[in-house]
There are 2 protein chains.
Amino acid sequence: MDYSRLSVSERRFLPPAVAVSSVAFALRPPVGALIGVVGADGVSFGRGERRASVDRLDRDRDASEAALWLPLVRRTRPPFEGDWALPGGPIPWDETLVDTALRTLRAAVRRDPGYLEQLYSFGAIERSAEAQRLVTIAYWALYGESQLDPDAGPERDEVDPNVAWFSADRLPSLAFDHTEIVAYALGRLRSKTEYSAVAHRFLGESFTLAQLREVREAILGEQVDPANFRRQALAQGTLVETGATQTGTRHRPARLYRFRHGAETSRISGPAVVPATAPSQNRRKTS
Amino acid sequence: MDYSRLSVSERRFLPPAVAVSSVAFALRPPVGALIGVVGADGVSFGRGERRASVDRLDRDRDASEAALWLPLVRRTRPPFEGDWALPGGPIPWDETLVDTALRTLRAAVRRDPGYLEQLYSFGAIERSAEAQRLVTIAYWALYGESQLDPDAGPERDEVDPNVAWFSADRLPSLAFDHTEIVAYALGRLRSKTEYSAVAHRFLGESFTLAQLREVREAILGEQVDPANFRRQALAQGTLVETGATQTGTRHRPARLYRFRHGAETSRISGPAVVPATAPSQNRRKTS
DNA sequence: GCAAAAGTGTTACAGGTACACCCATGC
DNA sequence: GCATGGGTGTACCTGTAACACTTTTGC
């Protein structure tokens with residue numbers, strides 16, 4: 001069963017192989033990570049700087065600057081050798097889909113994500129022209145401050161030159177149909193922040209309502225009224241006041257909140273979690 | 001690459017195989033099709049009768065009777081030989097995921113579905129204990145009156161004894177984790193009727209608003225106010241009056257509507273169709 | 001005429017948006 | 001004090017639920 005013995009033309013007719021690829025979003029690259037900048041003459045690189053905290057977000061960027069980042073891996077073998085691709089890999093016979101996603105993300109980012117959910121399965125036949133047919137099961141993930149915290153990651157290790165973080169709206173050309181997958185994941189992230197509570201997963205354990213609102217604004221790309229956001233967020237019943245307040249600001253200190261434990265079971269969203277019958281409309285009285 | 005030469009223990013360690021399975025809903029079994037009834041001592045069978053039209057729905061059933069039906073296929077080989085399973089099969093190297101779903105559905109139902117959309121990918125490692133690891137990409141489909149019309153299907157052929165239609169809430173025990181897949185598909189169908197227009201796909205080319213409302217009630221399992229439903233349905237702008245009216249009723253004839261052409265591109269929903277940024281809330285004025 | 005369902009009108013209520021306004025802190 | 005953002009109050013608007021009411025057919 002050694003596929004490598006086969007010629008290209010033989011591999012062409014094999015049953016499809018299954019792989020997992022993940023789109024992992026974060027509001028900033030991890031400290032010390034390689035940062036890819038797409039220019040006119042290819043990709044140049046920098047290093048992720050240390051930042052004080054998330055509340056510097058709004059001051060660090062103007063409206064045009066990117067707010068979402070994601071890690072890519074440079075391919076070291078055909079097809080698409082040398083191109084950037086989403087973290088991922090083939091599924092071993094004894095590993096769950098989720099476990100494959102987590103393992104490959106861990107290999108690229110050196111950390112576990114704060115959230116993981118299946119996105120879609122892509123299986124167009126023209127995916128790779130000469131090689132074996134490939135079916136890709138895409139996942140999307142979030143890395144929050146808790147996960148990106150320098151203390152959490154083993155930052156002392158030397159940096160893998162084949163892993164870099166890119167701004168989500170300035171990506172290089174990607175291997176396979178990964179560009180399409182990223183676009184779909186972005187849409188899902190935006191749509192999910194509309195009706196579900198995911199924004200807090202970008203933040204640390206405790207946060208102010210202004211920070212939560214800024215995350216939402218960054219994802220949706222539009223301004224949100226602070227007063228109304230406050231009421232709506234608190235009305236959900238998923239936030240708990242910690243009692244502590246923010247310090248070091250040059251204005252009235254904001255209260256710190258945390259997400260209610262148990263309001264969400266796990267960091268991994270499975271198929272059982274249907275978008276919820278939620279509001280539903282126009283039900284007739286049970287007369 | 002002949003898998004059948006391998007022993008069971010060898011197959012156990014192969015890379016996962018990919019298959020497609022589909023949950024296909026209809027409001028009634030096709031005329032002449034085999035109908036499976038789950039009793040205390042196994043499954044007994046009947047035959048689908050000819051019915052006048054969909055507007056008999058409400059009179060044919062009381063509240064407790066099932067409203068949704070789906071086709072199952074009896075497995076003729078291990079694993080789970082003899083058990084009922086969702087229509088589907090492995091993915092050939094040169095076929096799209098959607099095409100595999102359509103082909104296997106066509107083989108079981110003898111018709112093309114009126115709607116098809118990817119559901120979820122299931123890949124738990126304990127799926128089949130002794131055989132090769134299996135990753136299942138699940139689809140869900142709808143068969144409407146237009147598709148179930150006896151003139152549309154080749155009903156003169158002898159009936160396949162290994163295909164039968166079952167009431168969605170009285171299913172036999174299914175092969176693999178197909179019970180879980182059906183439950184998930186049901187949830188998706190309900191959730192999708194809440195925010196999207198899918199109910200009309202159960203009906204023919206033209207239909208009354210009462211029929212559309214009855215489909216919605218059948219799916220959601222609750223009464224809907226006719227007056228408000230009328231206004232909301234028409235306000236969507238997706239319905240067009242045909243000019244014709246219903247005849248043969250013993251009350252005021254209802255106007256017939258059809259779905260606006262172009263309001264939806266295709267019967268196949270791909271990944272590009274994101275649930276839409278839709279309502280979105282609390283956007284601040286661009287001051 | 002009577003029954004039954006189609007179709008219209010109208011009111012009450014809930015939730016969201018916009019925005020005025022007060023509060024607490026740093027400088 | 002003044003600037004700045006945190007936090008509260010409130011009027012307005014929109015969409016929905018509820019239900020009374022009129023219309024049009026079959027019998």
Side-chain angles (χ1 to χ4, degrees), chain A residues 52-59 193-195 206-217 220 222-237 239-257 277-287, chain B residues 52-59 193-195 206-217 220 222-237 239-257 277-287:
Chain A
S53 71
V54 190
D55 66 347
R56 283 191 54 201
L57 260 179
D58 48 339
R59 265 162 283 159
T193 50
E194 300 268 12
Y195 67 85
S206 70
F207 45 84
T208 68
L209 288 177
Q211 289 171 336
L212 195 62
R213 176 175 50 83
E214 282 158 16
V215 172
R216 193 189 170 96
E217 289 175 344
L220 297 181
E222 54 192 351
Q223 302 278 91
V224 172
D225 185 292
N228 295 329
F229 176 81
R230 151 174 295 276
R231 267 184 297 257
Q232 291 168 13
L234 292 178
Q236 296 300 109
L239 296 180
V240 181
E241 232 172 301
T242 63
T245 54
Q246 203 180 27
T247 58
T249 60
R250 45 179 192 156
H251 55 76
R252 173 175 175 179
R255 301 175 199 165
L256 287 170
Y257 295 83
T277 324
S280 94
Q281 299 149 14
N282 193 20
R283 306 251 170 88
R284 189 197 267 161
K285 239 185 192 166
T286 52
S287 53
Chain B
S53 70
V54 189
D55 66 347
R56 284 191 54 202
L57 261 178
D58 46 338
R59 266 162 283 158
T193 52
E194 300 267 14
Y195 67 85
S206 69
F207 45 84
T208 67
L209 288 177
Q211 289 172 334
L212 195 61
R213 177 175 49 83
E214 282 158 16
V215 172
R216 193 191 170 95
E217 289 175 345
L220 297 182
E222 55 193 352
Q223 302 278 91
V224 173
D225 184 292
N228 295 328
F229 177 79
R230 151 174 294 275
R231 268 184 295 258
Q232 290 170 12
L234 292 178
Q236 294 301 110
L239 296 179
V240 181
E241 231 173 300
T242 63
T245 54
Q246 203 180 27
T247 58
T249 60
R250 46 178 191 157
H251 55 78
R252 172 175 176 176
R255 301 175 198 165
L256 287 170
Y257 295 83
T277 325
S280 94
Q281 298 150 15
N282 191 20
R283 307 253 167 87
R284 189 198 267 161
K285 238 185 194 166
T286 52
S287 53

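A note on names: the letters A, B, ... follow the listed sequences, proteins ahead of strands, and every chain is numbered from 1.
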Could you give the [atom1]-to-[atom2] distance, from [X] to [N], as a whole number of Å?
| X | N | atom1 | atom2 | result |
| --- | --- | --- | --- | --- |
| B:Asn228 | C:dA14 | CG | P | 16 Å |
| A:Gln246 | D:dT4 | CD | P | 17 Å |
| B:Phe207 | C:dA6 | CZ | P | 15 Å |
| A:Arg252 | C:dC27 | CZ | C1' | 18 Å |
| B:Glu217 | C:dA5 | CD | P | 13 Å |
| A:Leu239 | D:dG7 | CG | C1' | 15 Å |
| B:Glu194 | D:dT16 | CD | P | 13 Å |
| A:Leu234 | D:dG6 | CG | P | 13 Å |

| task | Check A:Thr242 against A:Tyr257 and note the closest heavy-atom contact, atom names and distance. | result |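 Reported closest heavy-atom pair: CG2-C, 3.8 Å.
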| said: Please find the pair of heavy atoms, one from A:Asn228 and one from A:Arg231, that lie closest to each other, and give the distance. | reply: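 For A:Asn228 versus A:Arg231, the nearest heavy atoms are OD1-NH2, 2.8 Å.
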| message | Could you tell me if the side chain of B:Thr245 sits less than 4.5 Å from the side chain of B:Leu256, heavy atoms only? | response |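 Heavy-atom side-chain distance check fails, nothing below 4.5 Å.
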| message | Set out, in order, the CA-CA distance, both residues' side-chain angles and the distance that settles side-chain contact (heavy atoms from CB on, under 4.5 Å) for B:Glu194 and B:Leu220, then state yes or no. | response | CA-CA 9 Å; B:Glu194 300 267 14; B:Leu220 297 182; 4.0 Å; yes
| task | Go through D:dT16, C:dG16, C:dC19 for me and flag the one nearest to the A:Gln232 side chain. | result |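 Of the options given, the side chain of A:Gln232 lies nearest C:dG16.
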| Counting side-chain heavy atoms from C-beta on, which of C:dG26, D:dT8, C:dC19 comes nearest to A:Asp225? |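 For the A:Asp225 side chain, the nearest candidate turns out to be C:dC19.
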| request: With DNA chain C as reference, determine whether A:Gly248 or B:Thr208 sits nearer its 5' end, using the nearest nucleotide of each. | output: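 Here B:Thr208 is the residue nearer the 5' end.
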| query | Hey, which of these two, A:Ala210 or B:His251, hits DNA chain D nearer its 5' end, going by closest nucleotide? | reply |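 In this pair, the answer is A:Ala210.
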| Looking across every strand, which nucleic acid part, if any, lies under 4.0 Å from B:Ala235 by heavy atom: base, sugar-phosphate, or nothing? |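 Contact class for B:Ala235: none.
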| message | What contact category does B:Arg231 fall into here, base, sugar-phosphate, or nothing, at under 4.0 angstrom with non-hydrogen atoms? | response |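 The residue B:Arg231 makes base contact.
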| query | Can you tell me if the side-chain N/O atoms of A:Arg255 get under 4.0 Å from OP1 or OP2 in D:dG6? | reply |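 It does not, given that no N or O in the side chain of A:Arg255 lies less than 4.0 Å from OP1 or OP2 of D:dG6.
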| message | For the backbone of A:Thr193 and the side chain of A:Arg216, can you confirm whether one donor and one acceptor N or O come within less than 3.5 Å of each other? | response |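 Flag set: sc A:Arg216 to bb A:Thr193 pair under 3.5 Å.
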